[in-house]
K.L.:
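First the structure, then my questions, so here it is.
None of these values were measured; they are calculated from a predicted model. Residue numbers begin at 1 in each chain, while the letters A, B, ... track the order of the sequences.
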Amino acid sequence: MKKIRDERLQWKNLKNIRVVYIVQTLGILAILGYDLTTKGLDGMTNNPVWIVFMVSVIVNAYLSMTISVDHEERQRSPVKSLYISLTVISVLAAIIGLFVSFSDGQTVWNGLLIGGIIFVSFLVPVLYIFKLRKDNLEEEISN
Amino acid sequence: MDNHVKVARVSKNLTQQQLAEKTGVTRQTISLIEKGKYNPSLKLCLEICYAVNKTLDEVFWVEKGSDSFEENKG
């Protein structure tokens, strides 16, 4: 197949892919919705389509971060924002970890584990946003 | 957006197909540009200008506030 070089057709192709993506997402949501009503929450999450859906949501969230950082009206200090975010996620992880530790049938170890997982899960996007803001600031200074 | 691509192309005795081949796009894209129904990228504008031996000003300049400028602002 010949590679499309025409920018208008490339753009049109991207628009078509967007329509296909919407149809596909609606299909996935329909399948998951059906599983949720017929087999319950566990039945839905056991379906491999659930993993596909979650991976695409995460990829979409990370790709959206580059847009959000560029769209920020005023350039924030990356280091200050990083410290604020780290404080917030540390407090959040500590609170959830404590709640888990003191729940019935749970140990302190479980609380630490859950708190640690939550901390790491939030740490990755926070560090990614820090990198994007830092790169933006460096690019702005160099220009 | 309004432009002078058609005038420039005819003055160089080029058909839409020939201009399309020189600029690496399809004939339909050239047709839509001439009708003002497709806004080409700056890269394609330059390719068209190179093909017809004219400057960007001569082929694509429109006064701000003119009808052809306003209709493409949104």
K.L.:
Hey, what do you get for CG (A:D6) to CG (B:L44), rounding to the nearest 0.5 Å?
P.N.:
7.5 Å
K.L.:
Around atom CZ of A:F122, are there more than 12 heavy atoms of other residues, nucleotides or ligands at under 6.0 Å?
P.N.:
no
K.L.:
Could you state whether A:L36 and A:L29 fall into the same hydrophobic cluster, counting links through intermediate Ile, Leu, Val, Met, Phe, Trp or Tyr residues with side-chain heavy atoms under 4.5 angstrom apart?
P.N.:
yes
K.L.:
Under a 4.5 Å cut-off applied to non-hydrogen side-chain atoms, are B:T26 and A:R8 in contact?
P.N.:
yes
K.L.:
Does any heavy atom of chain B fall under 4.5 Å from the side chain of A:I4, the backbone, both, or neither of them?
P.N.:
neither
K.L.:
Do other residues, nucleotides or ligands put more than 12 heavy atoms under 6.0 Å from the OH atom of B:Y50?
P.N.:
no
K.L.:
Surrounding OH of A:Y83 (heavy atoms of other residues, nucleotides or ligands, distance under 6.0 Å), is the total greater than 12?
P.N.:
no
K.L.:
If Ile, Leu, Val, Met, Phe, Trp and Tyr residues are connected whenever their side-chain heavy atoms lie under 4.5 Å apart, and connections chain through other members, are A:L98 and A:I114 in the same group?
P.N.:
no
K.L.:
Looking at B:I33, B:V25, B:T29, which makes the most heavy-atom pairs under 4.5 Å with chain A?
P.N.:
B:T29
K.L.:
Can you tell me if A:E7 uses its side chain to pair, donor with acceptor, with the backbone of B:S41 under 3.5 Å?
P.N.:
yes
